[in-house]
J.: 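Below you will find the structure I want to go over with you.
In what follows, chains are A, B, ... by sequence order, proteins preceding strands, each numbered from 1. Note that the coordinates shown come from a computational prediction; the quantities given were computed from them, not determined experimentally. FYI, side chains are in, hydrogens and waters are out, and symmetry mates aren't considered; it's all heavy atoms of this structure.
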Amino acid sequence: MNAKKERVPGNGLGGRIINALDDDRLSQFAIPVVSIILTILAAAALLLVLGKNPATAMTGFLRGSGFMMKPIYGGGQSMLTDFLSFLGILAPMLLAALGIIIGMKSGMFNIGMAGQMLAAGFIATVFVGYSGLNAYLAKPLVILLGILTGGLIGAIIGFLKYRFNIHEVVSSIMFNYIISYIVAFFINTYYKDIITRSSRVCSAASRLSITGVTWGTSKLTLPLGIILALAGVFLVKFLLDRTVVGFEMKAVGLNRDCAKYAGVNVGKSIILAMALSGVFGGLAGVTYYVGYFNSIVPKELASLGYDSIAVALLGNISPIGAIFSSILITIFQKGSIYMSSTVGVPKEIASVITGILLLFSACGTYMRYLARRQRERLADKAKKEGVQ
Amino acid sequence: MDTIMIDGLSFALPLFIMAIGGIYSERSGIVMLALEGLQGFGAFVGAMTVILSRFYLGNSSPYLIYIAMVAGMIGGSLFSIIHALLCVKFKARQVISGVVVNTLAVALTTFLTSVINGIITGEASNKFQIGVSSRFTVPVLSEIPIFGGLFKNMYPFEIVILVIALYCWYLLYKTKFGLRLRACGENPHSLDAAGGDVGKTQFIAIMICGALSGLGGIFIAYSVSGIFSPTIYMGYGYLSIAALIFGNWKIPRTFAVCLFFGFARSVVYQLLLKLGMPSNYTDLFLILPYVLTLLLLIFFSKHNHPPRAVGEIFDKSKR
């Protein structure tokens with residue numbers, strides 16, 4: 001790895017791709033790009049099998065998320081409405097992915113994102129959303145409650161892992177069910193809206209988005225969560241790259257025993273990492289349930305919590321990469337409703353595409369291995385020819 | 001009392017067969033978080049086959065259930081190839097691969113159910129109505145007081161599962177294949193040195209796991225719920241993972257744990273029914289199995305011995 005690798009001489013496009021895939025610096029961009037291209041090809045093949053035009057479907061996704069003009073807009077709607085709504089759902093996606101990233105960097109897999117989101121959203125809705133506080137007090141309180149709830153659950157999972165050696169995946173899945181049932185009980189018993197069968201709507205003052213703004217003819221909802229999410233990206237990047245705590249977390253993630261030998265307090269590091277991961281889960285929860293939406297459907301865990309795993313993996317487990325991958329995956333998820341209504345493919349295809357994307361990004365190591373093998377083969381060949 | 005026995009058993013057995021699948025995979029050194037997706041996909045293939053073969057066999061054919069079982073097992077094992085390829089051949093991180101398989105299974109089955117329903121019936125429903133398989137009562141045994149309930153109104157699945165489970169136990173502990181499989185999970189290099197093929201053994205273990213999970217999935221779809229829909233992803237797979245961890249990766253102890261889960265659940269249900277509690281209180285009591293699992297794990301995980309090499313990517317050159 002230390003010596004600069006020789007490039008495969010003059011192989012045109014194929015050689016360049018192979019070089020990029022195995023380059024220490026470039027591979028972190030090349031592998032996701034190749035994954036995305038393969039996914040889009042697979043999705044196009046799937047659409048062709050169903051007898052639909054892939055190009056119309058893809059533009060459908062873009063139109064649904066406000067990146068392209070739709071042919072017709074309803075009253076008060078415009079491309080900007082769609083785009084702001086897209087940003088509104090992008091925020092929790094990005095925040096949840098950041099939580100996954102912190103966990104993965106320290107060797108923990110926080111699969112309980114959806115449960116932490118639900119718990120934080122529920123606590124914030126009940127204590128602030130129904131309280132009638134004014135906006136200047138309510139919004140910070142919602143954020144604070146989100147941080148506290150998510151962080152607490154994360155810390156418990158980390159503690160169980162450290163103290164009792166319970167695998168974080170098992171415990172966080174158990175927490176998912178427990179939270180989901182408890183929240184469903186409270187909503188059905190105390191906070192149910194008879195008509196919608198979900199929880200009562202929380203006050204507009206507490207929501208992390210400003211509704212009812214008019215600009216020209218279109219009604220807009222300004223998402224505040226996206227500011228939070230972008231701030232979170234740089235915070236996480238700073239934490240992981242520039243602080244002692246972050247360095248210790250990464251050390252524990254790379255090799256627990258080695259970190260212990262070097263004097264890192266492994267237990268503290270694990271619990272802190274899970275707590276931070278939970279904090280971002282909580283923030284994702286409040287921007288989702290008390291921002292993008294304003295009520296909670298009982299017994300339903302947000303699939304966004306699981307999609308964020310795909311976002312984190314596709315973005316190469318880096319905060320900056322997560323920005324791009326969350327935009328991509330959110331386009332599919334958000335645009336699927338419009339795409340489905342115009343093209344006539346069930347909207348679940350968005351999840352299929354996300355799944356395929358996840359599948360290819362999980363093969364990243366193998367792609368790199370293939371590229372290396374191919375390159376070595378080519379280099380050998382070149383050498384032999386050179387000798388002759 | 002009878003209802004408790006009947007419901008408890010029909011909840012415990014699918015969990016048990018999936019947990020055996022998980023044990024096979026984990027004992028061979030591959031982390032298996034994909035049970036949830038595998039059982040769902042198995043159920044999907046089984047349900048689809050039932051729907052399609054009804055056109056030829058009629059609605060009440062006695063063969064349907066066997067066709068469903070075989071199809072479910074084939075479906076599960078075919079889908080598990082993804083996990084096997086990712087873990088064994090592509091050397092991906094096994095936990096992540098499990099999540100990939102789960103996500104893909106949920107998405108694909110929901111999507112394909114809509115599409116296939118659209119083709120067959122013309123409306124895009126995400127459910128396959130397959131109904132409940134026929135039941136039978138064992139003549140003499142069901143007369144036993146108290147425990148007779150175990151033998152009343154049995155699903156044919158239950159017998160099949162018990163037979164397969166017994167054979168799985170034999171295969172894992174009494175045969176050369178089983179020994180090799182367990183060696184893969186404890187010390188793959190020793191197997192490699194002895195001339196075994198680690199990758200192949202793991203691949204087979206994962207496919208067995210897929211088949212068993214698929215059987216569990218079609219059991220749930222064809223008996224307890226009577227439909228295939230996304231509600232099949234209720235967490236049975238994860239619960240069986242908890243069962244196998246709590247069962248210390250051993251088949252007999254896992255059986256006891258599954259029975260405990262099943263009966264705990266049916267007792268709670270019947271109790272709530274007897275007490276006449278409103279339905280939203282059931283939600284509160286449904287957390288019991290999960291809370292119990294967590295508590296039991298806290299007390300027992302210290303004494304647990306997971307397979308030593310589980311989750312490690314086998315690298316021949318590291319010996």
J.: Using a cut-off of 6.0 Å, state whether more than 12 heavy atoms not belonging to Tyr162(A) lie near its atom OH.
T.: no

J.: Quick check on Arg253(B): does its CZ atom have over 12 non-hydrogen neighbours (other residues, nucleotides or ligands) under 6.0 Å away?
T.: yes

J.: Which bit of Ile187(A) is near chain B, if near means a heavy-atom gap under 4.5 Å: side chain, backbone, both or neither?
T.: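 Neither part, no heavy atoms under 4.5 Å.
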
J.: Identify the heavy atoms of Ile287(B) and Ile178(A) that sit nearest to each other, and give their distance.
T.: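 Reported closest heavy-atom pair: CG2-O, 3.8 Å.
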
J.: Pick one of side chain, backbone, both or neither for Ile111(A), based on which atoms fall under 4.5 Å of a heavy atom in chain B.
T.: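 Answer is side chain: those atoms of Ile111(A) sit under 4.5 Å from chain B.
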
J.: Apply side-chain contact (heavy atoms from CB on, under 4.5 Å) to Leu297(B) and Ser171(A), showing your working.
T.: CA-CA 9 Å; Leu297(B) 283 176; Ser171(A) 61; over 6 Å; no

J.: Rounded to the nearest 0.5 Å, what separates atom CZ in Phe164(A) from atom CZ in Phe299(B)?
T.: 7.5 Å

J.: Pick one of side chain, backbone, both or neither for Val352(A), based on which atoms fall under 4.5 Å of a heavy atom in chain B.
T.: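 Val352(A) touches chain B through backbone and side-chain heavy atoms alike.
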
J.: For Leu160(A), which atoms come within 4.5 Å of any heavy atom of chain B: side chain, backbone, both, or neither?
T.: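 Side chain only.
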
J.: Once you round to the nearest 0.5 Å, how far does CG of Leu284(B) lie from CD1 of Ile182(A)?
T.: 6.5 Å

J.: Given Val170(A), which partner from the list Leu33(B), Leu294(B), Ile241(B) fulfils the side chain to side chain contact (heavy atoms under 4.5 Å, CB included) test?
T.: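 Going through Leu33(B), Leu294(B), Ile241(B) one by one, the side chain to side chain contact (heavy atoms under 4.5 Å, CB included) with Val170(A) is satisfied by Ile241(B) alone.
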
J.: Is the closest side-chain heavy-atom distance between Pro346(A) and Val115(B) below 4.5 Å?
T.: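 Touching, per the 4.5 Å side-chain cut-off.
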
J.: So which part of Ile173(A) gets closer than 4.5 Å to some heavy atom of chain B, the side chain, the backbone, both or neither?
T.: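 Only the side chain of Ile173(A) comes within 4.5 Å of chain B.
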
J.: Just verifying a value: how many Å separate Glu348(A) CD and Leu108(B) CG, rounded to the nearest 0.5 Å?
T.: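 Result: 11.5 Å between the selected atoms.
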
J.: How long is the straight-line distance from CG of Leu357(A) back to OG1 of Thr103(B), given to the nearest 0.5 Å?
T.: 11.0 Å

J.: Under the side chain to side chain contact (heavy atoms under 4.5 Å, CB included) test against Met174(A), which residue among Leu239(B), Leu292(B), Val291(B) passes?
T.: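 Exactly one option meets the side chain to side chain contact (heavy atoms under 4.5 Å, CB included) with Met174(A), and it is Leu239(B).
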
J.: Which answer fits Leu313(A), side chain, backbone, both or neither, if we ask what part of it has an atom under 4.5 Å from a heavy atom of chain B?
T.: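 Only the side chain of Leu313(A) comes within 4.5 Å of chain B.
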
J.: Under a 4.5 Å heavy-atom cut-off, does chain B meet the side chain of Leu359(A), its backbone, both or neither?
T.: both

J.: Can you confirm whether Phe263(B) is buried at CZ, in the sense that more than 12 heavy atoms of other residues, nucleotides or ligands lie under 6.0 Å from that atom?
T.: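 Correct, the count exceeds 12.
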
J.: Starting from the C-alpha separation in whole Å, work towards a yes-or-no answer on side-chain contact (heavy atoms from CB on, under 4.5 Å) for Phe90(B) and Met367(A).
T.: CA-CA 8 Å; Phe90(B) 296 172; Met367(A) 278 185 209; over 6 Å; no

J.: Could you check whether any side-chain N or O of Tyr177(A) sits under 3.5 Å from a backbone N or O of Met234(B), counting only pairs where one atom can act as donor and the other as acceptor?
T.: yes

J.: Which region of Lys347(A), side chain (C-beta onward) or backbone (N, CA, C, O), has a non-hydrogen atom less than 4.5 Å from a non-hydrogen atom of chain B, or is it both or neither?
T.: neither

J.: Select one option (side chain, backbone, both, neither) describing which atoms of Ile245(B) are under 4.5 Å from chain A's heavy atoms.
T.: side chain

J.: Take Val345(A) and Phe111(B), measure what side-chain contact (heavy atoms from CB on, under 4.5 Å) needs, and give me the verdict at the end.
T.: CA-CA 9 Å; Val345(A) 183; Phe111(B) 175 71; 3.7 Å; yes

J.: How long is the gap from OG on Ser97(B) to CG on Leu358(A), to the nearest 0.5 Å?
T.: 9.5 Å

J.: Which answer fits Phe109(A), side chain, backbone, both or neither, if we ask what part of it has an atom under 4.5 Å from a heavy atom of chain B?
T.: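 Side chain of Phe109(A) only, per the 4.5 Å heavy-atom cut-off to chain B.
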
J.: Kindly indicate whether the side chain of Lys91(B), heavy atoms from C-beta on, has any atom under 4.5 Å from the side chain of Tyr369(A).
T.: no

